[in-house]
There are 2 protein chains.
Amino acid sequence: MRNLGAEHANLDQKVHQILKHMIMDRQLLPGEKIPQEKIAQELGVSRTPLIAALKYLEQEKLVESKPRRGFYVRLFSKEEMVSIFELREVLEGLTARRTAQKITDAEIETMARFFSQFDLDREIMDFKAYSREDRRFHTFITEIGAKEFLKSILETTNIISFSYQLINSEGLVRSPDETIHEHLAVIEAISRRDPKAAEELMRRHFKKTIAALTRDIKADEAA
Amino acid sequence: MRNLGAEHANLDQKVHQILKHMIMDRQLLPGEKIPQEKIAQELGVSRTPLIAALKYLEQEKLVESKPRRGFYVRLFSKEEMVSIFELREVLEGLTARRTAQKITDAEIETMARFFSQFDLDREIMDFKAYSREDRRFHTFITEIGAKEFLKSILETTNIISFSYQLINSEGLVRSPDETIHEHLAVIEAISRRDPKAAEELMRRHFKKTIAALTRDIKADEAA
DNA sequence: TTAGTGTTTTTTGTATTCAAAATACATTAT
DNA sequence: ATAATGTATTTTGAATACAAAAAACACTAA
């Protein structure tokens with residue numbers, strides 16, 4: 001194999017992205033061991049950048065290293081999912097606050113179009129489309145309100161909750177008909193440039209999701 | 001050199017810890033380039049685990065990699081310090097809430113002894129001791145209230161604020177005589193097992209610090 | 001002097017190598 | 001058959017090797 005060594009600046013970031021997608025797309029299943037030599041060959045790189053990428057993922061908690069045994073795709077329990085949503089509650093609350101402080105008029109216009117494809121009077125059937133819009137919305141807010149540190153944390157917590165959809169097929173904990181109103185309320189508060197309300201509403205949105213998750217867990221335990 | 005390779009399970013975690021301390025203790029100064037070969041030799045390891053450790057630190061934002069140029073100790077501006085304290089506000093707020101929910105009686109007793117060495121009627125002169133107690137307190141709360149993900153994020157934001165002392169020699173933004181009452185209020189709320197108050201008071205504590213920091217920045221700009 | 005150019009040295013990113021550990025496999029004894 | 005033991009294979013963690021890029025240095029020409 002040719003020595004790519006000095007030609008590329010960042011082979012491990014590339015590998016990192018690929019692995020992340022493999023986990024998100026469930027090509028690598030939770031609990032599974034990651035075969036280093038095999039994947040390295042598939043990607044046409046040596047184990048060096050692959051291991052670097054795996055260590056990134058380890059810090060992002062998407063992967064776990066058992067010393068002398070290798071890397072395994074991480075498995076999250078429902079309890080851990082609750083912790084992750086609690087984190088998102090405070091982090092995205094902060095993001096919403098900051099966004100309300102610094103959003104531009106043009107951005108407010110763009111934001112107004114989010115969720116407009118969905119009719120409030122009719123039951124939302126297309127979960128996939130709604131889930132996608134949900135992500136787009138949270139990403140949009142993040143882009144405006146979060147600086148790099150917060151952004152990188154949010155990115156990984158988001159990926160975690162979306163890639164480990166324990167609840168239903170599209171990673172939604174609650175029904176769109178319930179959450180769309182909360183989303184619109186957040187949008188409205190940000191448009192008003194009301195940081196306090198934006199943070200409060202975003203947190204309430206997550207708190208409800210956490211409550212739903214907790215209920216699910218209790219139901220499981222009863223069963 | 002002896003091949004430690006297969007004897008140790010985790011050389012890079014060890015190197016990571018050492019580097020972290022070198023940054024905290026200002027043996028490596030912000031902006032400085034990290035000489036890989038030199039440090040590797042000092043620690044008696046090869047560049048492999050050192051680079052792995054540097055990549056950990058990169059994700060923690062303590063270090064920054066300029067492609068093809070090497071790793072540099074990260075430099076934070078006052079504005080970025082504000083962002084970091086905003087993060088701590090919401091994260092430690094969450095931690096305080098969780099701690100109030102699950103603290104044991106024994107832990108409450110231990111917690112009651114925090115800051116007891118300081119006399120409320122007398123001006124606190126020993127900044128170093130106070131700073132140490134401050135850290136101990138935040139670490140104590142974290143141990144109880146934060147699960148792994150939150151814990152690891154808190155650890156790095158803490159290190160950043162304490163290692164980049166822009167304000168005064170011990171990394172304190174405000175005077176102990178001011179903050180000790182806030183600390184005691186948080187302790188009291190947690191002892192009462194009042195999650196809401198604990199979170200609220202912890203956040204208020206940080207909000208005041210952020211306000212002080214912001215004032216400093218404005219004063220700088222005027223000068 | 002100073003700017004520009006060529007040359008040497010150092011450092012970087014990645015591949016390769018290697019000993020030790022873990023695992024898989026086979027063989028024998030029960 | 002099943003368990004216990006020994007042997008071969010694979011995989012891991014880390015050192016080393018090496019080509020290309022960057023930095024340091026030296027020399028010449030304005």
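Below, each value reflects all heavy atoms present in this structure, side chains not excepted, and no hydrogens, waters or symmetry copies. In what follows, every chain begins at residue 1, and chains take the letters A, B, ... in the order their sequences are listed.
Sorted by first and then second residue, the ring-ring contact (aromatic ring centres under 6.0 Å, His included) pairs involving residues 17-68 of chain A (not counting sequence neighbours) are His16(A)-Tyr56(A).
Atom NZ of Lys151(A) is surrounded by more than 12 heavy atoms from other residues, nucleotides or ligands within 6.0 Å.
Within 4.0 Å (heavy atoms only), Lys33(B) reaches sugar-phosphate atoms of the nucleic acid but no base atom. Glu37(B) comes within contact range of no nucleotide atom at all, as no heavy-atom separation falls under 4.0 Å.
Taking atom CG on Leu11(A) and atom P on dT14(C), their separation rounds to 5 Å, with Å as the unit. If you take CG of Leu54(A) and P of dT11(D), they are 15 Å apart, rounded to a whole angstrom. Summarising the geometry, the separation between NZ on Lys38(B) and P on dT11(C) is reported as 11 Å, rounded to the nearest angstrom. Straight-line distance from the CG atom of Leu50(B) to the C1' atom of dG13(D): 15 Å, rounded to whole Å. One can place CD1 of Ile51(B) at 13 Å from P of dA15(C), the figure rounded to the nearest angstrom. In this structure, Leu43(B) atom CG and dA15(D) atom C1' are separated by 15 Å, rounded to whole Å. Remark: C1' of dG13(C) and CD of Gln13(A) are 13 Å apart, rounded to the nearest angstrom. Between Tyr72(A) atom OH and dA22(C) atom P the separation is 11 Å, expressed in whole Å.
When each of dA14(D), dA15(C), dA22(C) is scored by its nearest atom to the side-chain atoms of Arg68(A), the top-ranked nucleotide is dA22(C). Comparing dT23(C), dT12(D), dA14(D) by their closest approach to the side chain of Gln36(A) singles out dT12(D).
Both tests pass for Arg74(A) against the ring of Phe76(A): distance under 6.0 Å to the centre and angle within 45° of the axis.
Counting distance only, with no hydrogens placed and no angle test, the side-chain atoms of Arg47(B) and the base atoms of dG13(C) include a donor-acceptor pair under 3.5 Å.
Under the 30°/60° scheme for interplanar angles, the aromatic rings of Phe137(B) and His183(B) are found to stand perpendicular.
Residue Pro35(B) is the one, among Thr48(A) and Pro35(B), whose nearest nucleotide of DNA chain C lies closer to the 5' end (criterion: closest heavy atom).
The closest donor-acceptor contact from the side chain of Arg193(B) to the backbone of Ile103(B) lies under 3.5 Å.
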